[in-house]
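Below you'll find the structure, written out as structure tokens, and then a few comments.
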Amino acid sequence: MTDSGRDDRDADDRYRIETRSIHAGQEPDPETGALMTPIHANSTYEQDAPGDHRGYEYSRTGNPTRTDLEENLASLENADYGRCFASGMASINTVLNLLSAGDHVVTGNDVYGGTHRIFTQVYEDYDLEFTFVDMTDLEAIEDAFREETELLWLETPTNPLMSVVDIESAAEIAHAHDALCAIDNTFATPYLQRPLELGADVVSHSLTKYLGGHSDVVGGALLTNDEELDERFGFYQNAVGATPGPFESFLVLRGTKTLPVRMDRHCRNASEIAAWLQGHPRVERVYYPGLESHPGHEIASEQMDDFGGMLSFELDASLEEASEVVSNTEVFTLAESLGGVESLIEQPAPMTHAAIPREERLEAGLQDSLIRVSVGIEHVDDLIGDLKQAFEASLK
Ligand SMILES: *Cc1c(COP(=O)(O)O)cnc(C)c1O
């Protein structure tokens with residue numbers, strides 16, 4: 001598992017993801033036998049003659065710690081190629097770098113806030129056009145395509161209502177229009193969902209979330225089976241320069257080793273909490289794709305191996321009462337972001353989605369009392385006990 005070419009990928013296929021997460025891209029150092037990938041804190045590399053180097057010239061272009069991470073992530077997504085970036089946003093930016101003025105993008109009306117921002121506040125100024133549609137409605141996706149559409153960008157499950165998009169059908173629509181289909185797989189992770197196997201051309205990740213897994217690093221990645229695309233991404237790594245350093249790459253490699261065990265616990269805890277919330281008299285609605293009542297349950301069951309650690313719920317309460325609930329938790333920390341080992345809680349209306357006017361927010365189904373949680377891997381009884389005491393302290 002030393003190189004990222006197809007032959008090595010095929011050799012990797014003998015192993016399951018639990019094994020690959022620990023071993024892929026991580027051979028012991030040939031010189032010292034060191035088991036773990038060293039942090040190659042280094043900017044430049046010796047050449048024996050001009051142009052005659054051992055694979056590395058300059059660390060923006062390539063760094064061995066980063067290479068190991070790229071191979072590891074490619075293996076997790078069953079991809080032939082992987083490229084890492086300084087953040088999830090830098091990955092998304094790199095996909096947009098493929099486009100030219102006049103091109104059109106179809107995307108979801110509930111994409112990550114930062115994605116919406118780079119689309120509308122950066123790339124509209126470069127004459128790209130974006131159409132935001134309800135991605136659970138395949139006809140709406142189809143209708144949004146134009147002659148100039150070059151990219152379909154989607155997330156599933158989405159934030160914060162955990163809507164589920166049918167990846168295979170969406171990719172088919174994109175390809176029928178000769179457009180690329182890119183999927184932000186941050187919420188599901190490759191342990192639960194592998195969009196390239198379902199027809200997507202590119203997978204994008206914020207490594208900051210589950211892949212890093214410990215809320216201590218920011219990073220991004222792009223995975224693909226298309227050699228030409230991978231070369232373009234490599235060109236942009238070097239030409240634009242939004243690459244992660246060796247320390248960040250090391251931290252994410254440390255995280256991916258435990259991705260499968262962490263995800264198993266995230267999923268189990270989230271599913272127990274979802275069931276508990278559903279039986280609570282002050283909870284009006286629970287959004288978790290693992291619940292049969294969730295509109296995306298059927299598609300999620302087909303395209304995901306489990307339902308993830310993210311969920312949200314509406315209380316029979318005012319915005320202020322819900323704010324008290326999220327302020328009164330002791331194990332759940334009131335904070336934005338997600339995907340770490342610790343449980344986080346937040347209220348979209350006054351926090352992550354505060355920029356959206358209230359009328360629009362309600363129309364999109366985001367009630368004032370909506371609460372989103374990133375379920376961590378603590379003991380589930382402590383998490384449920386914490387929600388219980390916060391409800392009792394806050395709800396009249
Ligand atoms: C966090 C996040 C991003 C952005 O990633 P950063 O690492 O914060 O730049 C993109 N997409 C989704 C779904 C995210 O949750």
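In each ligand, atom 1 is the first atom listed, and ligand 1 is the first ligand listed.
If you check which protein heavy atom lies closest to atom 3 (C) of ligand 1, you get Y112 CE2, 3.3 Å. The protein atom (non-hydrogen) at minimum distance from atom 7 (O) of ligand 1 is T208 OG1, 2.6 Å. At the shortest separation from atom 15 (O) of ligand 1 among protein heavy atoms lies K209 NZ, 2.7 Å.
Below 4.0 Å from some heavy atom of D184 lie the following atoms of ligand 1, by number and element: 10 (C), 11 (N), 12 (C), 13 (C). Counting the atoms of ligand 1 from 1 in the order shown, those under 4.0 Å from a heavy atom of G219 are 7 (O). Within ligand 1, the atoms closer than 4.0 Å to a non-hydrogen atom of G88 are 5 (O), 6 (P), 7 (O), 9 (O), numbered from 1 in the order shown.
For the 3.5 Å distance criterion, the side chains of T61 and N238 qualify, holding a donor opposite an acceptor. Side-chain contact, T333 with E342: no donor N or O sits under 3.5 Å from an acceptor N or O. Side chain to side chain, Y287 and E314 meet the donor-acceptor criterion of an N or O pair below 3.5 Å. Side-chain contact check for Y126 and S100: no donor-acceptor pair (N or O, by modelled atom type) lies under 3.5 Å.
Every N/O-N/O distance between I92 and ligand 1 stays at or above 3.5 Å. Remark: ligand 1 and T115 share no N or O pair separated by less than 3.5 Å (distance only, no angle test). Between V218 and ligand 1, no pair of N/O atoms sits closer than 3.5 Å.
Distance check: Q237 CD to C84 SG gives 7.5 Å after rounding to the nearest 0.5 Å.
Contact of the I183 side chain with the E155 side chain is not registered, since no non-hydrogen atoms from C-beta on lie closer than 4.5 Å.
Between E248 and R66 there is no salt bridge, since no side-chain nitrogen of the basic residue lies less than 4.0 Å from a carboxylate oxygen of the acidic one.
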